Amino acid sequence: MSNLEQGAVKIRPMTRSDIHDILALDRKFGKANTPLGYKDMVTTDPGGPLDMSFVAEIGGSIVGFAIARLAYVMIPFAELCIIHSILVDPDYQNRGIGVRLLGKLVEHCEEEGINTIRALVEEHNDELTRFFERLGFNRSTVINYDKTFNS
Ligand SMILES: CC(C)(COP(=O)(O)OP(=O)(O)OC[C@H]1O[C@@H](n2cnc3c(N)ncnc32)[C@H](O)[C@@H]1OP(=O)(O)O)[C@@H](O)C(=O)NCCC(=O)NCCS
């Protein structure tokens, strides 16, 4: 895959007006077990005080995003940045965009004095697992237990 020209990709904070483009990109990818919806995006509160999400743009079009949020969790109590979702347009993958999105997030966390980033990854998503491990993320010792019921 060819390298992208220097400066072709702009990484910037996500805003509310990006919601439609983010959802469209998620639909284009089409492989997520649980596709993003408006509720997810509104809950993320793009541009809000706890939001730490970024988008990658080429020529004004969004080609990737990382949805992340500051969170306070127990066991033990910690302030950390949680990555809920990261996606690069399949037409633009393997050109360094994912690495740059993550790099921008790390830089932002450093500026804010947050020293832990936790990525939520579906267990069998080998692509994402490899991506995060290559970037120095280690498997966490916190295990999630979910209970779901019809409401
Ligand atoms: C995982 C994912 C985010 C990675 O994004 P990406 O932009 O393709 O990743 P990058 O290009 O930054 O890095 C991938 C590889 O390209 C290489 N690369 C980095 N910069 C590069 C550049 N400028 N030119 C060419 N290759 C480059 C990286 O070294 C890496 O190589 P490696 O695989 O040998 O380590 C992307 O593949 C994706 O969106 N996958 C689907 C994720 C998913 O399932 N999301 C569900 C919702 S959470």
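These numbers come from a predicted model, not from an experiment. All ligand and atom numbering here is 1-based and tracks the order in the structure.
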Are [X] and [Y] side-chain neighbours, meaning at least one heavy-atom pair lies under 4.5 Å?
X: F65; Y: S53; answer: no
X: I117; Y: C109; answer: yes
X: E57; Y: V9; answer: no

Judging by distance only, is a nitrogen or oxygen of [X] under 3.5 angstrom from one on ligand 1?
X: N125; answer: yes
X: V99; answer: yes
X: G98; answer: yes
X: L87; answer: no
X: N94; answer: yes
X: E127; answer: yes
X: R134; answer: yes

>> If we check side-chain contact (heavy atoms from CB on, under 4.5 Å) with V55, which of these qualifies: I11, V63, I22?
In response: I22
Give the atom numbers and elements of ligand 1 that come within less than 4.0 Å of a heavy atom of [X].
X: Q93; answer: 8 (O), 36 (C), 37 (O), 38 (C), 39 (O), 40 (N)
X: F131; answer: 1 (C), 4 (C), 9 (O)
X: I86; answer: 42 (C), 43 (C), 45 (N), 47 (C), 48 (S)

>> The criterion is ring pair (Phe, Tyr, Trp, His ring centres under 6.0 Å); which residues satisfy it with F131, sequence neighbours excluded?
In response: none
> What pairs with H108 under ring pair (Phe, Tyr, Trp, His ring centres under 6.0 Å), at least two apart in sequence or on another chain?
Replying inline: F54
> Given D91 and K28, is the salt bridge (Lys or Arg N to Asp or Glu O under 4.0 Å) satisfied, shown in steps?
Replying inline: CA-CA 10 Å; D91 294 340; K28 177 178 177 182; 2.8 Å; yes
> Taking a hydrophobic cluster as the set of Ile, Leu, Val, Met, Phe, Trp and Tyr residues connected by side-chain heavy atoms closer than 4.5 Å, whether directly or through intermediates, do I86 and L135 fall within one such cluster?
Replying inline: yes
> Which bit of D26 is near ligand 1, meaning a heavy atom under 4.0 Å away: side chain, backbone, both or neither?
Replying inline: neither
> Which one holds for V88 and ligand 1: side chain close, backbone close, both close, or neither close, with close meaning a heavy atom under 4.0 Å?
Replying inline: both
